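Here the structure comes first, spelled out in structure tokens, and everything after it is commentary.
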Amino acid sequence: MSAAGFYALAGVALVVLGLYGLAVQAHLLRKLLAVNILGSGVFLVLVGLGGPADAGPDPVPHAMVITGIVVAVSATALGLVLMLKLTTTSGRPTLEDDAPREGPEA
Amino acid sequence: MPDLYHALTLFLLLNLGAGLWRVVRGPTAADRMLAAQLFGTTAVAILLVLAQAGGVAALRDVALVFALLAAVAAVAFVRRAWPQPEDEHDRP
Amino acid sequence: MTGPDYLAALLLLAGALFFLAGTLGLLRFPDVYTRLHALTKADNVGLGLIVLGLSLQSGSWLVAGKLILIWLLVLLAGASVSHLIARGARLRGIPEWRR
Amino acid sequence: MSLLQTGIDALLALGLVWLAWRALACPDLFRGIVLFIAFGLLMALAWVRLEAPDVALAEAAIGAGLTGALLLAALARLNRIAPAGTRADTREAWRNAPALLLVLAGAGLGLAVLSLLPEPAGLQAQVAAELGRSGVSNPVTAVLLNFRGYDTLLEVLVLLLALLAAWSLEAEPPRREAAPGPVLDLLLRLLLPVLVLAAAYLLWAGAHAPGGAFQAGAVLGAAGVLALLAGWRLQPHLTGLPLRLAIVIGPGGFLLVAWALLLTGRPLLEYPPALAGALILLIETLATLSIAATLAVLFQGSRPAAEPPA
Amino acid sequence: MTELLQGIGLWLILAWPLLVALPDVYRHLPQPWLLALAPAALLLITTDAATLDMPWIVFGSGLELDSGRRWLLGMSLLLWLAAGRLAARLDPLRQPATFTLLLITFSGQVGMILASEPVGFLCFSTLLGYGFFGLLVQGGGAGARRAARLYIAALILADLLLFEALLLAAYLQEAQRFAGFDHRLEGETAALYSGLVLLAFLLKAGIWPLHAWVTAALRTAAPPARLLLMGGPVVMALLGLWRWLPAGQGLEIAGQVCRALGAAALIYALLQALRRPQPARRPGWLVLALGGALLLGFGQVLAAAHGWEGAAGLVPALLALAGLLPALLLWRQPATPAATLEDEPPWTWLARVQPRLGRLHRRLLDGLAHLRPPRPLPPVTASSLAGSGTRVTRWPWVIMALALLGLVLGLLA
Amino acid sequence: MSPGSWILLAVLASSLLPGLVIFAIAERRVALRTGLNLLGAVSKLLLVGWMLWGVAHGHAFELRLALLPGLDFVLRAGPLALLFVTLSSALWLLTTLYAIGYLEGSPHRSRFFGFFSLCVTASVGVALAGNLLTFLLFYELLTLSTYPLVVHRGTEAARRAGQSYLAYTLTGGALLLAGTLWLYSLAGTLEFTATGFVHGLVDDHRGALILIFWLLIAGVGVKAALVPLHGWLPQAMVAPAPVSALLHAVAVVKAGAFGIVRIVYEVYGVELAADLGVALPLAALAAITILYGSLRALYQDDLKRRLAFSTVSQVSYIALGVAIAGPIATIGGLVHLVHQGLMKITLFFCAGNLAETVHIHRISEMDGVGRRMPWTMGAFTLAAFGMIGLPPVAGFVSKWYLGLGAMQAGQDWVVLVLAGSSLLNAAYFLPILHRAWFRAPAGNGFAPAVGGRETGWLLLWPPVITAAMSLGAGLLAFIPFSPLEWVQFIARQEFIGYD
Amino acid sequence: MSPVLLPDLPWEALLILLPLTGAAAGALWPPAARAIGLLTTAGGLLLLAGLGTAVADAQTLRHAVGGWGAPLGIELRADALSLVFLTATALVGLGVAVYADSYFERSQARGFWPLWLFLLGALNALFLSADLFNLYVTLELMGLAAVALTAFSGGRAALSGAMRYLLATLLGSLVYLLGVALLYHATGTLDFSLLTQRLEAGPAARTALGLMGAGLALKTALFPFHFWLPPAHSSAPAPVSALLSALVVKASFYILVRLWLELFAPLSGLEGAGTGEVLGWLGMAAILWGSWQALRQPRVKLLVAYSTVAQIGYLFLAFPLLTAAGLPDPAAWRAVLWLVLAHALAKAAMFLAAGNLLRFGGHDRIPDLDCVAQRLPLTVAAFALAGISIAGLPPTGGFIGKWLLLEAALLQGRWDLVAVMLLGGLLAAGYVFKVVGHFFTPAAAGHAARPVPAAMEWTALTLAILALLLGLAPAWLLPWLDLAVGPGPAEAVP
């Protein structure tokens, strides 16, 4: 197995970890971490699968990953702001038991 | 020579892994941050070695960026995230 | 391998040793202040030696300059951060280790 | 491929997984974030090993540097907002049954991945063939800004959107910070010009070597973040239209180029080959500015206009 | 021309009283009572015979005036005139309603007399029957009301039976005229038909043993009702028997039944009349006896295969006389208060059983009601509010992971 | 489009457009609203008259618009359709008049009359539908446009009644939809034809056809209030009287009953229905409904509830007549469609008058009300007699043909059912009459009449007219264009073997 | 059709650029955001008309972005299928924009318009994209815009809903991207039409299908991935809820349809039947569960949100119908597209009406609705009409959609689907009329009427009426849909 294979498999493992973290962690910051790890795993698979090719590395997945990283940082930034705002409002940095009983604001 | 570079890389990596123990153990946030700092430096070293090993000049740019940004996280820690000592993070 | 190569290899190995020392220090020293001390060894000397070794190998002044610039930058960051952390630790009253 | 290299790769891969696991599983949030920063570092190394220096650069600038700072700053705010009692964040939530299932799913996924490894298909040949007409010589930049420039246009817009979204939520009022102290001030004054220079270098290098707008923008943004951390703030008269202009000019410029090209009767974002290099550089320059401004402002979290008078 | 006039006349003697019966009309006419009856009297005097065919009414109705019917018409006129006189003496509060009901019953009576086919007969018998029910209730005491209840029960039952009989006849022979009934009734259907008709009209006529309402009514009803009782419902019911049953066809069994019942009624009535010393009671028994006698005779005719033709002309006259006779006796007799009743109607056991039946029935219905389809959508109440709202826990994530696994593994398998 | 097809649209539009405009009219503009209502009602009646004349003279009106691939939106004015259309439009006029009087001064009249018009549009559409899809469309539209009328009062009881109404009728609609689709997937057409369109399928899909039949019947049976699908009807009595009148006499239950007619005759065809063995169970169901409704009616003290259960019972006469599957019985059933409408609307008008004028809602309060409101109670009496089936009121004619038809078809037991039902009808109507006419009013009597009239003209005339019409329909059953004559015309047109 | 009237312009590019440029301009100069927003939204309708005529001429328009063409560059593709979704977007978008203009206060509105234009641009871009990775980017753009809009009001419920939504949408996109990665390396292309040619059945294709399906199902909120939808859709501001329910969930569904129609279903040897069945079961479960939950909700907006969960289930019922036939069954797809249109219009109208109720009473608790039928007749009409369409009752667009779907199910003998659809329709009627019933009754604690701007009432009603009109026009519109699902045995329908 080539080195790229290691990374692709590590990517799969990261995806699994990210999924699991997303599922079982309550704290929103950690959920965001999990999403980031999940994303990194996907990126690893995306590039890792390209593997060592005779014609040199395939630049298209590289470009896609760069795009993906920017998306991830944008989403993370937004997620952090949301989390902070939510914590300010509800006092808890989690989504637990906050069923929207009260009406939304008109 | 390339083998030396690669061995060095591996050694630095192992070194880095050992440093992780400090991140995990703490006990204070400062300790963890210090370990992260060490990581940054080690990573710069690894990148430079790899650049030389593979003849990829661009990796020096990566190292440059690392070196430039190494301070950012630490400063953010010191200025923002370092909890007050009464917080549980700093309890041994 | 030529002479400069051996020199470079030696420098690199020395750098690696300093890194090891820094790491060991980080792991073994008892408090944050002493660990800071260990860390700066890795930063300053370890990386410095490696940069030196690599500069010898690079064969281009431009590259060597760049390497040294990187080292300087790391030095700057390391020094500042170490200072900041030490100051912060004092401010927060983290006790010094006493035998 | 030597054994040593395999060792490096295996170690890196394992280290990534282990770090990710610890970052998610360790009971202390701060520790998790530090581990995540370390994870970003290793990711950058992994990219290097995968012969993707462009990605490594982006990861180094964004993934490791800025995301870490963002997370730390957010954690700091969180600690301020949430009372200590409710902050107890991590329950030991690792449960076995779903973990097992996920491992099985991962195994399935891994098998699928392995099935692809022997003969992956790619576009490197086409990229290489058309590189000459793209206006740049770095294939990744060619893909990013020419072949798939449309994606990048949308991408820049995503960043702008994230900023607008963050602004639409009025965050908590910023607090007064302690004075930076002479060392930090000195660090900043020394580092800022270097950062700007490095950004310019990366931007310029992007045309032919790894680098480009995102990386440059991230480095420049890091400069902004550092300045913010040191207590620097925009002058009030700059927080209005000038700041918005800085933020919008990247996507806006990109859009204007697109419109201009459309109006000349070309398809969307088809650069005239002669002008391709110049246009790409123009777009990248504007984008770098905007990305930097956006990242810095995102780090700050709230509208700069809401700053209290110093 | 005269035919037209006669037709209009026939119509008028039915419709005109009904029109006058509307209180609003009645109030505004001088001498409404005489005016209402005038067309009938006029027609009776001026015309021998008249027919009117109205194919578009109900199932093709017809009216007919012949010599026999003139007897009965005359009787009716006399009776209703007398009843009108009696009604005029009533409590003024009750007068308008009584007059209205009297006119309705008159119209029904005359209609029954003139009807030339069974459906029309049935229609008018309804008018008479329900009108007479009203008369019994109106102004009578509690006894009269009880009698009225019995009467109306009998009436409904009888009308139903007649409806069935009519259906049977129509189904069997597609003929809806009296004249057509004679021929093809045979065997079991004939027995069924005659049984239905017999039972129906016996119910209406109040012949023993179904006489309870008659005696009660005769004792306690308001004077006009008592006066009309024999000449109205009873005689008309007997007329119905005469009209509906094919006399002379040798309906042996029906004839036997009629004869037996008639004789029994006669004997019973006479015995009762002798047993009761009070003179006030006697007219009641006389009416019963008369009815029984008539039935006896009718049974004779019914059973005879031949030779009844001679009697045909006599029957209406006989009926008319039978209607008038009790009226003469009752003319000045006051009604007995209900309190002094001593003989309960023979159907009182029904009254005892009825509540129990009612309970049973109700229970049955309750049971049925529970079988209804499920209740409509549950209403939103405060309690249902408290428990709802979304509860989002972590389990969906787990499910999602499971599903992901399932998909991936399923595809790989 | 055939030349006369615009008239079909015009008939629909004559109530639809005023309805839509009325929604927009301000509450206080009574005159405008009334004018529009009456304009619509009268013009509809005129148009219907024209069509009646045309159809009687052999013209055909058909409108066909493409709706789905292979399925058209079809309106067709045959004799059968016109029977229902005429009933609806005639009674709409009267009910509108009545409603104007009834709701005088009450709130939300624009809304009320708007939905009222929609409701009539839908029921006319149900009548004119030329295939099962069009029927389904209007059938559901009818449900939806009636709902706001049921909950019009806005009380909690009204809301629940509305929920119940919808729960029943929409379930029915769903079943009808299922049956329709299934049938379509088998037959490939949904077009009503005089002898049904599913003959060809009987060999291959016998079981399916039987199932579909029951699906369809269950669908329309809800509105026709067949036991056990009748539960909504008594509850819907919370609605204002004109609505009850409309529900019970014209629109809703009749749409259901009419649906049964369409399904048995023009989807399956009588012979096929008999052959499949579904006619007899349907007849039995109808018979059970007749008796059950009457029995329940006996124990209601609330006047409108009693009338409602009476409706449950009476409407099934139609189903019974159809299910007996002979021409004569069909005449009985179809003519009862009209007759029951006339009589029942009279009863509800009268009940409304009692409630509105002297505030009587219960039968136990009705003592002596006949003196206070002789015309109203007179009309009531006449209609009640008709319901019992006393000659010569219209109900008698229906029962006559039903009984005759049953005997003709060899279903003698039906005669007993009819007799039993008549007895029960008498048992629950006569006590009302007795109370009203012959009992003395309790307490201080009733509120005195204002201005010498027992109630407003608009409240009085509609029941009197409908009562007269029910008498006329029975008494003059054989004059041209009488319901009976028209039904016989239908039978001549659509049943081979009847003349 | 009429080249004279409409010049030959790159309509698809304009459709994407216009709103995005508007968004950037609005962000740059907030005082003009409102004018820009309204004009841009309306202009989108014009551009759509142009695109429509062009598509009518050419069936499928391809636009090579950057002039590179398929394997290397990105292609835009406009055909009838995308046109269906674009039309829904333009119509609903215009309605919501007009509504939002009255809904938001001036200070809020400045923030709203750029976000909305981002969403609009992302939707247009998504519907026009023929590139898997580009679809990912548009998905993210759309998702973040939607999250931002959800959190827009800033209340606790809204923030919580938005957060949940953010996590779900990120997860969905990433899982989708993983599938894209597999497909890319399996075939070396990201372009739809090239993929169709190159993709072969195998573990990679299957896994990619599973991953992309799961990710998109999560974003579409297919049961049991629906957990994020009700909190998000019910707590967002009304116009946003309308956009989310009517359009945003449809976007990921669109991708799924595309993938299914063009990539996976044609693959022989790929056991798509099993996947189709699974999706169908989940659809059925969604219908029943969503409807049942909707019935239990105490608040209008929550109820409507759960209704969306249920209605999404209907869309997924088509998947087993397609695969059971072996060949593409246009009848089922036609039904689904019809339902998409009808649901978009009706659901938007419902949410807008719910917003009116909220504005009117300050709350949307169902039992406490106070005589709304009298005081907000237009809103009530809008809600009821839209609800009727949702419940699939005639004569609305929803009915036609349900009819078509039922027909397709019946022709394939899928009684389970038929039963679920009918039951779902009944439940839908149940929850719609649960609300409608309370419109008529007074609340225990009555309150004075608060003014609701006429524009808000009328937009809701207009959308509802459009949903109604959709039920009257299938004869004209179905040919378009047939164009969208390609030629097939449409004539086989008896």
Side-chain angles (χ1 to χ4, degrees), chain D residues 108-109 111-117 119-127 129-130 133-134 143 145-155 157-158 160-170 241 244-245 247-252 254-256 258-259 261-262 265-271, chain G residues 9-10 12-14 16-17 20-21 23-25 27-30 63-68 71-74 76 108 111-112 114-115 118 121-122 125 131 133-134 137-138 140-141 144-145 147-149 151-152 154 159 178 182 184-190 198 202-204 206-208 210-211:
Chain D
L109 203 56
L111 284 178
V113 165
L114 285 181
S115 80
L116 278 176
L117 273 175
E119 39 183 341
L123 283 171
Q124 50 269 65
Q126 284 96 326
V127 172
E130 300 285 356
R133 295 204 293 135
S134 70
V143 172
L145 279 146
N146 199 337
F147 303 145
R148 298 184 70 86
Y150 173 49
D151 275 349
T152 308
L153 168 62
L154 294 180
E155 206 48 62
L157 286 165
V158 167
L160 171 61
L161 169 63
L163 179 70
L164 290 181
W167 272 2
S168 76
L169 299 164
E170 289 293 326
L241 187 62
R244 289 203 303 271
L245 192 63
I247 286 164
V248 171
I249 195 157
F254 211 153
L255 283 168
L256 284 180
W259 277 108
L261 292 172
L262 265 189
R266 295 170 167 277
L268 186 62
L269 286 175
E270 189 194 57
Y271 311 120
Chain G
L9 291 176
E12 51 276 70
L14 291 174
I16 297 166
L17 280 188
L20 293 177
T21 313
L28 183 64
W29 188 240
H63 184 104
V65 179
W68 297 108
L72 191 58
I74 299 169
L76 300 180
Q108 270 186 314
F112 169 79
L115 293 178
F118 266 122
D131 184 278
F133 185 75
N134 184 245
V137 181
T138 56
E140 288 286 21
L141 190 61
L144 291 187
V147 169
L149 285 169
F152 195 67
L159 289 169
L178 193 53
L182 294 184
Y184 174 75
H185 289 297
T187 62
T189 183
L190 292 163
R198 296 188 192 170
R206 285 180 208 147
T207 315
L211 289 168

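Every chain is numbered from 1, with letters handed out A, B, ... down the list of sequences. From a predicted model like this one, the values you see are computed outputs, not experimental measurements.
- A 4.5 Å side-chain heavy-atom check between L20(G) and L153(D) finds every atom pair outside the cut-off.
- P71(G) touches chain D through backbone and side chain together, each having a heavy atom under 4.5 Å away.
- The contact between T187(G) and chain D is made entirely by backbone atoms, counting heavy-atom distances below 4.5 Å.
- Chain D forms the most heavy-atom pairs under 4.5 Å with one residue out of A148(G), A151(G), A145(G), and that residue is A145(G).
- Between chain G and the residues W259(D), Y271(D), F254(D), the most heavy-atom pairs under 4.5 angstrom are made by W259(D).
- Considering only heavy-atom pairs separated by less than 4.5 Å from chain G, the leading option among I249(D), D151(D), V143(D) is D151(D).
- Within a 6.0 Å sphere centred on CH2 of W29(G), other residues, nucleotides and ligands contribute 12 heavy atoms or fewer.
- Of the two parts of L123(D), the backbone and the side chain both hold a non-hydrogen atom closer than 4.5 Å to a non-hydrogen atom of chain G.
- The two residues S134(D) and N146(D) have their closest heavy-atom pair at O-ND2, 2.9 Å.
- How far CG of L76(G) is from CG of N134(G): 7.0 Å, rounded to the nearest 0.5 Å.
- Neither the backbone nor the side chain of F112(G) has a heavy atom closer than 4.5 Å to any heavy atom of chain D.
- For the pair V65(G)/D131(G), no side-chain contact is recorded, criterion being any heavy-atom separation below 4.5 Å from C-beta on.
- For the pair V113(D) and T207(G), the minimum side-chain heavy-atom distance is 4.5 Å or more.
- When heavy atoms are compared at a cutoff of 4.5 Å, R133(D) approaches chain G by way of both its backbone and its side chain.
- Scored by the ring-ring contact (aromatic ring centres under 6.0 Å, His included) test, F147(D) finds W68(G) as partners (sequence neighbours excluded).
- A27(G) and V248(D) make their closest contact through CB-CG2, 4.1 Å (heavy atoms, listed as atom of the first residue, atom of the second, distance).
- For Y184(G), the parts sitting under 4.5 Å from any heavy atom of chain D are the backbone and the side chain alike.
- With a threshold of 4.5 angstrom between heavy atoms, A186(G) approaches chain D through its backbone and through its side chain.
- Chain G forms more heavy-atom pairs under 4.5 Å with one residue of L154(D), L261(D), I247(D) than with any other, namely L154(D).
- Only the side chain of L190(G) comes within less than 4.5 Å of a heavy atom of chain D; its backbone N, CA, C and O stay farther away.
- In terms of heavy-atom pairs under 4.5 angstrom with chain G, the leader among L161(D), L262(D), L256(D), L163(D) is L161(D).
- In this structure Y150(D) satisfies the ring-ring contact (aromatic ring centres under 6.0 Å, His included) test with no other residue, sequence neighbours excluded.
- Contacts between A25(G) and chain D at a heavy-atom distance below 4.5 Å are absent for every atom of the residue.
- Between R198(G) and G188(G) the shortest heavy-atom distance is NH1-O, 3.6 Å.
- The greatest number of non-hydrogen atom pairs below 4.5 Å with chain D, out of L28(G), V137(G), L144(G), L159(G), is found for L28(G).
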